[in-house]
Structures are given as structure tokens and as C-alpha cells.
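Throughout, a chain's letter reflects where its sequence line sits, starting with A, and its residues are numbered from 1.
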Number of protein chains: 2
Amino acid sequence: MSVRLDDVDRKILKELQSDAGQSLDEIARKVGSSKTPVWNRIRKLRDAGVIGQQTVLLDAEALGFEACFFVLIRTSEHEAEWQKKFLKALQDRPEVQEAHRLAGDIDYILKVRVANARAYDVFYQALIAEVRIYNVTALLSMEELKSTTMLPI
Amino acid sequence: MSVRLDDVDRKILKELQSDAGQSLDEIARKVGSSKTPVWNRIRKLRDAGVIGQQTVLLDAEALGFEACFFVLIRTSEHEAEWQKKFLKALQDRPEVQEAHRLAGDIDYILKVRVANARAYDVFYQALIAEVRIYNVTALLSMEELKSTTMLPI
DNA sequence: CCCATAAACGGGAAAATATCCTATATCAAG
DNA sequence: CTTGATATAGGATATTTTCCCGTTTATGGG
């Protein structure tokens with residue numbers, strides 16, 4: 001499903017990623033074009049699904065989310081029914097920012113943002129009460145060294 | 001450093017997170033206010049650093065980033081000099097989307113987005129050539145079950 | 001409880017911007 | 001070349017942002 005982009009498209013995506021608030025004229029100037037072609041390209045990229053949500057990134061700590069855990073999950077259940085329940089549990093919990101199904105020994109990894117360790121425990125207890133899980137390891141983040149949503153186009 | 005927010009602030013942040021492109025009038029209508037107070041609140045939240053970067057989220061797979069690894073790192077080196085070098089190596093590599101220093105057994109976790117397994121190996125070889133690392137485990141994501149930047153305000 | 005002061009609000013004007021239209025330029029294939 | 005298809009630039013208009021100002025609402029001291 002890989003999309004064909006030229007150099008101008010890549011420059012536009014780079015600009016949009018680093019600041020989606022700047023004006024078309026400004027982006028056009030930076031990529032060496034003018035607003036109409038830039039606008040047409042953005043619309044196409046949006047329609048093609050390359051450009052998804054436009055959003056603002058908030059300061060988690062300033063908002064009181066002072067703890068971040070990576071949760072490694074092993075389970076012995078692999079039926080569709082269980083997976084459906086597990087997926088729904090993840091979707092329903094806003095503190096789960098990321099969830100991946102993994103290859104290998106560990107089955108799933110979650111990234112969970114909460115106010116503090118107590119809040120994590122509440123989350124954890126509720127999760128294991130809702131879906132059967134064989135083994136859980138939580139890795140506590142002490143320091144966020146890097147965090148970006150940018151793709152190196 | 002926790003900021004005091006009222007209910008209107010929270011609604012505004014929720015709206016901005018789910019769609020930063022909508023107009024002030026639209027946001028104002030949704031939060032039950034008018035554009036000026038909303039604009040003033042957004043400006044304050046921006047100045048306070050609560051609202052950070054405004055960006056677009058791109059479809060990684062559509063752009064050819066088809067592999068995502070979580071990398072668990074142990075090291076025996078803990079001097080400031082080593083840490084500085086390691087941090088710089090992470091900052092310099094755009095395929096590293098997240099990096100956390102952890103409490104406990106494992107020292108660091110990275111989230112790395114690349115085109116494929118080969119590209120990951122190039123990254124890995126370059127990293128261990130640049131900084132001394134004791135032990136590395138890579139967890140390969142098979143499926144992204146959930147991915148959001150939204151904080152549950 | 002009342003007044004004084006500060007803070008938030010709502011509407012509107014002006015500047016900036018997005019969106020779309022049209023004419024021109026560029027490019028690829030025959 | 002020439003021709004059709006595609007991308008482009010500039011401009012017109014609708015929308016939006018930004019800021020100003022008069023009014024309303026909250027707050028705190030007496």
C-alpha cells in the first residue's frame with residue numbers, strides 16, 4: 001500500500017509534521033512552490049490517507065500524567081474470542097496510548113500513561129480482572145529521552 | 001508543575017487533540033462559549049507550555065515504514081559521558097520515535113520505526129558500533145492494535 | 001450584604017488565510 | 001514539432017484568525 005511521493009510531497013509532509021499551523025503561503029515558500037499546487041497536493045495526500053489526524057501534542061507532565069509504563073504481556077489464550085475482548089479492553093482505556101501484538105516470547109506491549117504508580121495499579125487490577133493474562137511485566141519510565149510522532153520522510 | 005484547568009479548558013484541549021484543524025467558532029460552539037474566550041484560553045495554554053507542537057499524524061505503512069521494533073537495552077556503563085553519547089545517538093537517528101530511561105533490570109526502551117527488518121539491522125549495527133551496550137532485545141510488532149497521542153484530560 | 005476591583009465574556013472590525021477558479025506553463029508521447 | 005494531459009501561478013472570494021472594546025460575571029474586603 002506504499003504511495004509514490006516526489007520530492008515536493010516529501011517536503012510538504014515534513015513541514016506539516018513539524019508545524020501543521022503554518023500557512024499555505026509559508027509552506028509553499030519553503031518547498032519552493034506556490035499555494036495552489038501545495039494545497040492540491042495536501043488534499044490528495046489527505047484523500048489517499050497518507051495524512052491522517054491533525055492534532056496538538058500536550059505536555060503530559062504539566063497535565064498531571066507523571067508516570068509512564070511499558071507493559072509486557074504474556075498470555076496463554078489465543079482464541080479469537082479472547083483477542084476480541086482484550087482489544088476492546090485496550091480501546092476502552094484512554095490511559096493506553098499504544099498497544100502492539102508482538103512476535104516471539106512476549107505477546108503484547110502496551111504504553112500506559114497515568115498520574116502515578118497508584119493509578120497504574122488501578123489500571124492493572126482492572127485489566128487482569130477483565131481479561132485472563134498469564135504474565136505481566138511493567139517497565140517504569142524514569143525519563144523520556146525522546147518522543148516524536150515524526151516519520152523521517 | 002501541574003497546571004490548574006477548569007472544565008472549559010479541558011473541553012478545548014479535548015477538541016484540539018481530536019482535531020486541531022477546526023475553526024475557533026466550531027470549538028467555541030462545542031464547548032459552549034464564543035471565539036474570543038476560547039482564543040484567549042488557547043493562547044494562555046500555549047504560553048504555559050501545556051499545548052506544544054501542532055502536527056499531522058502520517059500513515060507509517062502507506063509511507064513504507066512497515067516495521068516497528070521495541071528495543072530493550074541493558075548497559076553496564078552509567079557514567080555521564082556515556083549517557084551523553086547515547087542520548088546524542090538517539091537524537092540523531094530519526095527512526096527512533098521514542099526513548100525512555102527505565103527503572104529496574106532493563107535500562108532503556110526504544111521504539112524504532114523502519115522500512116523492514118534489514119533496515120532495523122542497519123540501525124542496530126550502527127548503534128552498537130557507536131555506543132557500548134551490554135545486551136539488546138528487540139521485540140517486533142506484528143500489529144498496531146492502538147496508537148494515540150491523546151491524553152485523557 | 002454590598003460595593004469595588006478584577007477577570008472573563010461576547011460581538012464586531014480588520015487583517016490574514018483557505019479555497020477555488022482560470023489562464024499559463026511544463027511535460028510526455030506520438 | 002504538436003497535442004493532450006498535468007502541474008503551476010496568480011487572483012477573487014469566503015472563511016477564519018486576531019484583536020479591540022463595551023458588558024457581564026465572579027471575587028474579596030468591609
Side-chain angles (χ1 to χ4, degrees), chain A residues 1-65 148-153, chain B residues 1-59 61-64 148-153:
Chain A
M1 215 71 325
S2 195
V3 175
R4 191 127 209 85
L5 304 179
D6 68 7
D7 202 49
V8 177
D9 289 323
R10 272 185 284 274
K11 283 183 183 172
I12 290 173
L13 291 178
K14 197 172 288 187
E15 286 303 325
L16 285 178
Q17 284 191 101
S18 71
D19 179 9
Q22 61 191 320
S23 74
L24 280 177
D25 282 319
E26 209 169 335
I27 296 172
R29 192 178 49 74
K30 286 181 184 169
V31 308
S33 182
S34 72
K35 65 183 179 334
T36 304
V38 171
W39 188 77
N40 285 326
R41 283 163 181 267
I42 289 176
R43 196 168 47 75
K44 275 184 194 171
L45 290 166
R46 207 183 297 279
D47 293 348
V50 175
I51 297 176
Q53 198 185 9
Q54 178 173 342
T55 188
V56 294
L57 304 180
L58 304 183
D59 182 333
E61 299 212 353
L63 292 168
F65 296 88
T148 180
T149 59
M150 291 189 60
L151 293 173
I153 311 286
Chain B
M1 213 72 317
S2 198
V3 175
R4 191 128 208 84
L5 304 179
D6 67 8
D7 202 50
V8 177
D9 289 322
R10 272 184 284 273
K11 282 182 183 171
I12 291 172
L13 291 178
K14 197 171 288 187
E15 286 303 324
L16 286 177
Q17 285 192 104
S18 70
D19 179 8
Q22 59 192 324
S23 75
L24 281 178
D25 281 319
E26 212 168 335
I27 296 172
R29 191 178 49 75
K30 286 180 184 169
V31 307
S33 183
S34 72
K35 63 186 179 340
T36 304
V38 171
W39 188 76
N40 285 325
R41 283 163 181 270
I42 290 176
R43 196 167 47 75
K44 275 184 191 169
L45 290 166
R46 208 183 297 280
D47 293 347
V50 174
I51 297 176
Q53 199 186 7
Q54 181 173 341
T55 188
V56 295
L57 304 180
L58 304 183
D59 182 333
E61 299 211 353
L63 292 167
T148 181
T149 58
M150 290 190 59
L151 294 173
I153 309 287

Exercise for review: Would you mind reading off the distance between B:Ile12 atom CD1 and D:dT17 atom C1', rounded to a whole angstrom?
Suggested key: 15 Å
**Study point:** Contact residues, residues 25-39 of chain B to DNA chain D [heavy atom, < 4.0 Å]
**Key:** B:Lys35, B:Thr36, B:Trp39
Review point. Judged by atom type as modelled, is there a donor-acceptor pair below 3.5 Å linking the side chain of A:Gln53 to the main-chain atoms of B:Ser18?
Key: yes
Exercise for review: Indicate yes or no: at least one non-hydrogen side-chain atom of B:Thr149 is less than 4.5 angstrom from one of A:Val56.
Suggested key: no
Exercise for review: Write down the distance between CD1 (A:Ile42) and P (D:dA7), rounded to a whole number of angstrom.
Suggested key: 15 Å
Study note, to complete from the structure: Rounded to whole Å, the CG-P distance (A:Asp6 to C:dT26) equals 17 Å
Check your understanding: Is there a donor-acceptor pair under 3.5 Å between the side chain of B:Gln22 and the backbone N or O of B:Asp19?
Key -> yes
**Study point:** Flag, side chain of B:Gln17 to backbone of B:Lys14, donor-acceptor distance under 3.5 Å
**Key:** no
Review point. What is the distance from CG of B:Leu16 to C1' of D:dT17, rounded to the nearest Å?
Key: 14 Å
Practice item. Indicate yes or no: at least one non-hydrogen side-chain atom of B:Val31 is less than 4.5 angstrom from one of B:Asp7. Key: no
**Study point:** Residues A:Arg41, A:Asp9: salt bridge by 4.0 Å N-O rule
**Key:** yes
Revision key, fill the gap. B:Asp47 atom CG is separated from D:dT18 atom C1', nearest whole Å, by 14 Å
Check your understanding: How do B:Arg41 and A:Gln22 order along DNA chain C: which one's closest nucleotide is nearer the 5' end?
Key -> B:Arg41
**Study point:** From B:Leu45 atom CG to B:Asp47 atom CG, the distance as rounded to the nearest 0.5 Å
**Key:** 9.0 Å
Practice item. State whether B:Arg43 places a side-chain N or O below 4.0 Å from either non-bridging phosphate oxygen (OP1 or OP2) of D:dT17. Key: no
Practice item. Give a yes or no answer on whether the side chain of A:Arg10 reaches the backbone of A:Leu5 with a donor-acceptor pair at less than 3.5 Å. Key: yes
Exercise for review: Using modelled atom types only, decide if a donor and an acceptor are shared between the side chain of A:Gln54 and the backbone of B:Thr55 within a distance under 3.5 Å.
Suggested key: no
Practice item. Report the end-to-end axis angle of the helix from C:dC1-D:dG30 to C:dG30-D:dC1; each axis comes from five terminal pairs, and the value is rounded to 10°. Key: 40°
**Study point:** Between C:dA18 (P) and B:Leu24 (CG): distance, integer Å
**Key:** 14 Å
